[in-house]
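See structure below.
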Amino acid sequence: MIENYSVPSSVAEAAQLLQQGDATIVAGGTDLTPQTEAGARTFASHLVNIQRIEEMRGISTSDGRFRIGGLTTVTEILESKILAEEIPVLVEAADHFASPQIRNAATLAGNLCNASPAGDMCIPLLLLDAEVELASWVDGSVAIRSVPLAEFFTGPGKTVLQAGELLVAVEFRQPAKGFTASFQKSGPRPALEISTVSMGLAAVLQDGLLTGVRIAIGAVAPTPLRATATESTLEGRALDENMISSAVQSVQQEVSPIDDVRASAWYRKHLTGVYIRRALSHVAGN
Amino acid sequence: MSSIELKTGEKKSGGINKVFSKKTVIGTRVTKPDAPDKATGKTIYINDMVLPRMLYGKILHTDRVHARIISIDTSAAKALPGVHVVLTGEDIPLLKFGTMRDNVPLKAGKVRCIRDEVAAVAAETEQIAAEAIALIKVEYEDLPAVFSPTEALQEGAPVVQEDHPDNRSLAYKFSHGDVAAAEADSDIVLEHEFVVPYVTHCCMGPGCAIADFDSAGKLTIYSQTQYPYNYKMDLAPAIGIHPGDIRVIQPPVGGAFGSKLDVYPFEPICALLSKASGRPVKLTFSREEEFINSPTRQPAEFKIKSGVNKDGTLTFRSVDCLMNNGAYTSWGPTTPIIQMRTFTGHFRVPAVEYNGLAAYTNSVYAGSFRGYGNVQATYVTASVMDMLAEEVGMDPIAFRLKNAQDPGEVTPQGSKLDDCKLKECIEIAAQKTDFLSKHETYAGLCKQPGRIKRGIGIATSIHNAGGAKIHKSDGCGSILKLDDYARATLITGASEIGQGIDAVLTQIVMDELGIPKADVTIVNNDTALGPWDVGVHASRTTFVAGNAALQAARAARKQILDAASKQSNVSAEEMDLRQGHVVQADNGVSIVKLDKLLRQMHFADEPELVMVSEYFEPDSELEDRNHVGNLSATWAHGAYVAEVEVDTETGEVKVTKITAVQDVGRVINRLGIEGQMEGGISVSLGYALSEELLIQDGKVLNPNFRDYKVPTAPETPEIELHFVESDCKASPLGSKGIAELPAIIPAPAIANAVYNAIGIRFFAPPLTPEKVARAIHGATTQ
């Protein structure tokens, strides 16, 4: 049960509060509230509302790197002009995210820390080789460690985030010239849909050959998945029907989906095949 | 104006008499009177209400599907500060209630399904109530359980209800003509099996009741019920009091759709907690409780055998319907009463038979839901009609027109189709959608390569549109009074659950009395005030309550015009009521202002108040023992066309357009009828494509809006509505009931369109992307 409530206004203040232990962090609350209401999660004794930490907001670029503050809402990503121009795949994923009301409240850090295998923002960030910046209070000051997003997730709802740590920001390098990426998501409804399968694919197509292939898939494994085996089988190959067929085969072997109320493993594998075909056609078309 | 010669009249200060032209509001678009408050958040719904000294109730539902209760330890819950009352089945007398008297509020000795209520608490806050529930310890001994109706009917199956050792619940049998001979004579006989799922109402306002016993032992219950008068009768035995000692107050509710047409255990439990605590008690479901513990639409398995001759004439139809009754009996297993009418009477079928049976299981139980059995029947019949048409080489339109009834025909069960508009509906639907040319084109493209396939499909149905006489009376009472300022109050038995009867009744009063909308108040939320009504069901309220209001308004109008006639030398027949004035009907010249006349009547030597009461009983019949009788005063048909796009890779079905053609008798509130039809279409869209309450071994797998997929705005298709106005003779208003057909017909039209697109027929809705993808890609492994 909640006994204390704090509203820190800086990362340093938040890190100190979290260091005391037994805390639940709340930002947009769009995952936390339904989970606690349903009894799937319980509040720690200390509820720390990080919404007023201004330094954790906003999208910026410098030295060829993008930085998105953890408290940036999905709506802010959706409406970002710079992202629309430079990283449209992030905006596409934001557009598929839940509903306008939820997008207005949900934060990027929240979506990542919730660690749903179906988390929509995880997929494009995996394509971008993003890193997450984790802050904690060590020896009287804020300590930061960076973790590649691909190593951040450890299982459904589980991450490497340790007690006392706060996801402050996400960073990634400006993609190489010619980088093309796409995001696809399935479910019976266009809105308010948790993915049956989501897939992102990014690559650079030069002289008919694919390089820098990145494939990320949601809801087919315990964590959002980087399909590295398939990536390497495609790397440097000519984009033709042969290659697409082998991509379909490879990716369907690489995923390990489950049967649940939303879909069967068969259907998730089937969709994975459909989506990689579409994604590669999309790259070919660009 | 001044040139008009006046017989008599009320002079304005300038000496010019006002003239008022005849304006009717019937058929116009009238906003619901409660809309501004609802849109601005002012409305206090039952879920928002707080009474002084009120306690919060909560129920401990079992986590077993079939088990003997060995012990219940409530000591820790009772000891928790803030807890006033803890009740179990052992603390109350045996209080049997329900359609089959097979349910009790709190279960003692045994639980039979996941919904079963084993204990309840009343506490000072919701949180304390929840903590107390968590402290109750129940020890069970699991019993063998049965979930499928087929297995439940087998010898030696676990017995669900001790009074029904064979697990048989309600059964229905109807037969007309010589089915065996018709089958032998038929050129073509087809047999099919269909399975229809559990779906649920998804009311935005979850289940809620507030019960308050007074010191004299009388109960006031604030309820979401949509049938307040019979509700008293049904609730009383579940509490052990006299129905006359119950007063039902109906605050605004967040939807009902049939789900509040019965008493469910939480309501008597709430009352029993109030009785035991001496305090008002409020009991509200969480969303998860709402999904698990609310009634569903009746699931069923159908076997249908149909015959047709080569020339396209239907010869016979034979239907077996097996229903999962669940552990207790609410209205679900009674839906064959309406369902049968479609199987036996939709299209001209000379020989028909229907056998329906419900079997007790340890699953959840179904109630009534908009469409009442006809959703299931229409999915089956409309699919079969298309298959038969294809078999005899006819197009879906010509085949239907060949077998459609003409006005004046009577169906085998005695439904009188006096003003049958079935052919007209089909013809308009085909013409407005360019059906035949699209159908042929899409069928031709079906086997060609291509990711997206288009399809068009039609479905039709019939539904009671003049009430449904399932009680000895299907009537409604109306009391109308006018005050000294010509403000009218209509006190009606008809409930408002969002469907819009408030606007319709307001229009009727406005129209007859010539007064503005703001001057009409509808009172319909208190059984201590209102006259009797059966309830909001069977598409009946505009038909029955509307005509009751019309009778009352006409009686008041007559009283007013008679009084005006006495004061002037104009006869009542030559006068009219317009815009707050008594006027001369021919030229619209004001004779006297209505409020002034009412005061003159009131303060006369022989005082007279305008205060009338009327009762309207539709001209319909109870069914006889063989299910024959004209159950409804009138019947209506509809023909709906769906256009779809199927993604053959992912299996996603997108409905691009629904064209609805329906016999509505006469449009009263154009805005209301559009809303009702669009809302109904959305219900049916969910039934067709996405909605299913998944129940495995008696447990609900998706009790939340994340995994129970109701349609949302983006997938709502373009909707085109066409109203066929037959000016129904059975209704003084001219209108027919309209509310259920839109929730009934679209689903099979969509399934028929999907068949047109990809050549695959689906015998078990919903057509989820996975189901469609599996069918296309031939996957057999789960």
Side-chain angles (χ1 to χ4, degrees), chain A residues 1-2 30-31 33-40 42-43 95-102 114 116 118-119 184-199 219 244 248 252 257-279 281, chain B residues 126-128 130-131 133-134 286-289 291-292 451 647-655 685-686 688-696 699-717 766-782:
Chain A
M1 212 197 319
I2 301 166
T30 56
D31 280 316
T33 308
Q35 286 166 6
T36 48
E37 286 280 313
T42 47
F43 283 109
D95 192 28
H96 280 85
F97 194 102
S99 68
Q101 295 91 330
I102 294 174
N114 188 50
S116 160
Q184 297 172 80
K185 174 176 170 176
S186 154
R189 288 191 305 219
L192 280 167
E193 186 62 87
I194 180 161
S195 307
T196 304
V197 167
S198 57
M199 180 185 284
I244 293 178
V248 170
Q252 287 185 332
I258 55 161
D259 291 319
D260 67 14
V261 294
R262 292 191 270 281
S264 69
W266 174 84
Y267 186 55
R268 290 192 161 106
K269 269 197 180 181
H270 172 76
L271 280 183
T272 308
V274 170
Y275 283 174
I276 197 153
R277 186 173 281 279
R278 286 184 187 176
S281 308
Chain B
E126 277 182 288
Q127 200 175 345
I128 296 171
E131 283 171 41
I133 287 292
S286 67
R287 179 56 63 188
E288 192 180 30
E289 285 177 311
F291 269 108
I292 296 172
R451 174 181 152 194
D647 184 326
T648 55
E649 293 174 1
T650 62
E652 287 161 354
V653 176
K654 182 180 173 191
V655 180
L685 185 68
L689 297 183
S690 60
E691 287 186 46
E692 179 168 9
L693 196 66
L694 298 165
I695 293 168
Q696 195 175 55
K699 294 189 176 175
V700 180
L701 302 180
N702 54 342
N704 54 63
F705 280 124
R706 183 187 63 195
D707 295 326
Y708 184 92
K709 310 282 188 190
V710 286
T712 59
E715 66 265 41
T716 302
L767 283 64
T768 59
E770 172 156 1
K771 210 179 274 179
V772 175
R774 274 182 188 278
I776 293 172
H777 298 280
T780 47
T781 51
Q782 185 69 44

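In what follows, every chain begins at residue 1, and chains take the letters A, B, ... in the order their sequences are listed.
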For the pair [X] (side chain) and [Y] (backbone), establish whether a donor and an acceptor sit closer than 3.5 Å, ignoring hydrogens and angles.
X         : Y         : answer
Tyr267(A) : Thr650(B) : yes
His270(A) : Glu649(B) : yes
Glu288(B) : Ala38(A)  : no

In terms of heavy-atom proximity below 4.5 Å to chain A, should [X] be classed as side chain, backbone, both, or neither?
X         : answer
Arg287(B) : neither
Glu691(B) : neither
Leu701(B) : both

Residues Arg774(B), Ser264(A); criterion side-chain contact (heavy atoms from CB on, under 4.5 Å); working and verdict = CA-CA 11 Å; Arg774(B) 274 182 188 278; Ser264(A) 69; 2.9 Å; yes
inquiry  = I'd like to know whether Arg278(A) forms a salt bridge (Lys or Arg N to Asp or Glu O under 4.0 Å) with Asp647(B), so could you lay out the CA-CA distance, the side-chain angles of the two residues, the decisive distance to 0.1 Å, and finally the verdict.
reply    = CA-CA 13 Å; Arg278(A) 286 184 187 176; Asp647(B) 184 326; 2.9 Å; yes
message = Rounded to the nearest 0.5 Å, what separates atom OG1 in Thr196(A) from atom CD in Glu652(B)?
response =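 Output value for this atom pair is 8.0 Å.
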ask   = Can you list the steps and then say if Glu770(B) with Arg268(A) is a side-chain contact (heavy atoms from CB on, under 4.5 Å)?
value = CA-CA 9 Å; Glu770(B) 172 156 1; Arg268(A) 290 192 161 106; over 6 Å; no
query = Heavy-atom distance under 4.5 Å to chain B: side chain of Arg277(A), backbone, both or neither?
reply =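 Neither part; nothing is under 4.5 Å.
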For chain A, the option from Gln696(B), Arg451(B), Lys654(B) that forms the most heavy-atom pairs under 4.5 Å =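 Winner by heavy-atom pair count: Arg451(B).
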